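Below you'll find the structure, written out as structure tokens, and then a few comments.
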Amino acid sequence: RHARIPEAPHPELAEALTAALQPEPDHRCTCRELLILLDNALSALADVQHRQAMGEALMGEAREHLLRWHELGVRLDEERRVVLVQSQKIPGYADLHHKRPLWEAEDRVYQLTSARWLSWLRATQQATLAATLLPESRESQSTLGELWWERMVDAEARGDAREAWLARQQ
């Protein structure tokens with residue numbers, strides 16, 4: 001009666017164990033063959049674990065950038081309101097020193113817009129890399145879907161029909 005071989009964490013490791021523990025000595029692998037099988041199995045297992053860790057780290061970064069996208073959106077809305085108020089309050093013929101607060105607010109809107117799109121791009125890049133490392137991961141696919149949804153909603157809010165159409169296609 002033979003003991004049952006426990007299930008191995010990786011198929012290649014199970015293959016190496018099965019080859020080494022054959023009941024008939026003539027069917028067992030040699031030490032060199034076992035060394036090669038174990039090396040291949042452990043390398044494959046280490047590669048899977050490395051890809052898993054890298055994918056999870058990339059998804060963490062993607063989530064951070066997506067959160068930053070939302071935070072910058074709130075700040076951007078606030079600054080756009082400031083620009084609107086300043087532009088209504090300051091007449092076009094006003095002295096330059098009176099227009100400075102308006103220009104500064106417009107500069108902040110530009111900087112926030114740039115930072116916001118950069119955070120979207122980084123989130124998309126990290127989620128895409130995670131999806132290539134972990135193709136079976138629903139989280140990376142879900143995050144990519146959410147990113148494209150956010151872009152479509154933003155494009156529709158800005159009235160950019162072409163960009164909204166492109167985002168819907170993703």
Side-chain angles (χ1 to χ4, degrees), residues 7-14 39-170:
E7 194 169 315
H10 196 271
E12 290 185 21
L13 188 56
D39 184 52
N40 290 343
L42 293 175
S43 295
L45 186 59
D47 182 53
V48 166
Q49 291 172 343
H50 178 71
R51 283 187 304 134
Q52 182 73 30
M54 287 294 296
E56 290 172 4
L58 289 167
M59 280 309 303
E61 291 176 28
R63 284 189 299 273
E64 287 176 17
H65 289 298
L66 182 57
L67 181 61
R68 181 156 168 73
W69 159 269
H70 290 294
E71 292 169 356
L72 289 170
V74 170
R75 288 177 50 200
L76 186 59
D77 289 341
E78 292 169 1
E79 284 299 325
R80 285 180 177 151
R81 283 192 287 278
V82 169
V83 167
L84 182 63
V85 168
Q86 291 288 337
S87 64
Q88 291 175 352
K89 191 167 78 171
I90 301 169
Y93 57 83
D95 292 335
L96 292 178
H97 68 279
H98 292 294
K99 291 183 179 181
R100 188 166 312 278
L102 172 61
W103 294 339
E104 289 170 353
E106 288 174 337
D107 285 345
R108 285 191 302 270
V109 166
Y110 175 76
Q111 290 169 352
L112 286 170
T113 301
S114 297
R116 188 170 188 235
W117 284 112
L118 186 59
S119 71
W120 185 88
L121 287 171
R122 287 182 177 155
T124 304
Q125 178 185 25
Q126 303 301 48
T128 301
L129 288 172
T132 59
L133 289 172
L134 305 169
E136 67 282 351
S137 170
R138 291 190 182 273
E139 183 183 11
S140 59
Q141 298 301 323
S142 174
T143 302
L144 282 168
E146 184 178 353
L147 285 161
W148 283 103
W149 175 263
E150 292 290 341
R151 185 161 180 172
M152 181 194 68
V153 168
D154 185 74
E156 287 178 344
R158 289 183 287 113
D160 189 340
R162 184 183 60 81
E163 187 176 332
W165 180 83
L166 282 171
R168 267 189 230 101
Q169 301 310 308
Q170 298 299 322

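Nothing here was measured: the structure is a model prediction, and the numbers come from that model. For the numbers below, each heavy atom of this structure counts, side chains included, while hydrogens, waters and symmetry mates do not.
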query: Below 4.5 Å, heavy atoms only, C-beta onward: do Arg81 and Val85 meet side chain to side chain?
result: no

statement: Taking every heavy atom of Ser119 against every heavy atom of Leu72, the minimum-distance pair comes out as OG-CD1, 4.2 Å

Glu150 vs Leu147, side chain to side chain contact (heavy atoms under 4.5 Å, CB included): CA-CA, chis, key distance, verdict: CA-CA 5 Å; Glu150 292 290 341; Leu147 285 161; 5.8 Å; no

- prompt: How would you list, by chain and number, every residue that makes a salt bridge (charged side-chain N to carboxylate O under 4.0 Å, His left out) with Glu146, sequence neighbours excluded?
  reply: none

- line: CG (Leu144) and CD (Gln141) are apart, to the nearest 0.5 Å, by 6.0 Å

Show me the side-chain donor-acceptor pairs of residues 95-115 shorter than 3.5 Å, one per line, residues at least two apart or across chains.
unit_1, atom_1, unit_2, atom_2, d
Lys99, NZ, Gly92, O, 2.6
Arg108, NE, Glu79, OE1, 2.9
Arg108, NE, Glu79, OE2, 3.3
Arg108, NH2, Glu79, OE1, 3.3
Thr113, OG1, Val109, O, 2.7
Ser114, OG, Tyr110, O, 3.1

query: Among Glu56, Met54, Met59, which one satisfies side chain to side chain contact (heavy atoms under 4.5 Å, CB included) with Leu133?
result: Met54

- prompt: Got a sec, which residues hit salt bridge (charged side-chain N to carboxylate O under 4.0 Å, His left out) with Asp47, two or more places apart in sequence or on another chain?
  reply: Arg51

task: Starting at CG of Leu66, measure out to CD of Glu71 and round the result to the nearest 0.5 Å.
output: 10.0 Å

message: Quick check: closest heavy atoms across Ala127 and Ala62, and the distance to 0.1 Å?
response: N-CB, 3.8 Å

- prompt: Ser140 and Leu134: side chain to side chain contact (heavy atoms under 4.5 Å, CB included), yes or no, with the steps?
  reply: CA-CA 8 Å; Ser140 59; Leu134 305 169; 5.5 Å; no

query: Is the count of non-hydrogen atoms from other residues, nucleotides or ligands lying under 6.0 Å from His50 atom NE2 greater than 12?
result: no

field: side chain to side chain donor-acceptor pair (under 3.5 Å) partners of residues 120-133, not counting sequence neighbours, each pair once
entry: Glu61-Gln126

Where at least one partner belongs to residues 130-142, residue pairs that pass salt bridge (charged side-chain N to carboxylate O under 4.0 Å, His left out), sequence neighbours excluded: Arg63-Glu139

task: Provide the full list of side chain to side chain donor-acceptor pair (under 3.5 Å) pairs with a residue in residues 152-166, sequence neighbours left out, each pair given once.
output: Arg116-Asp154, Arg151-Glu163, Asp154-Arg158, Glu156-Arg168, Arg158-Glu163

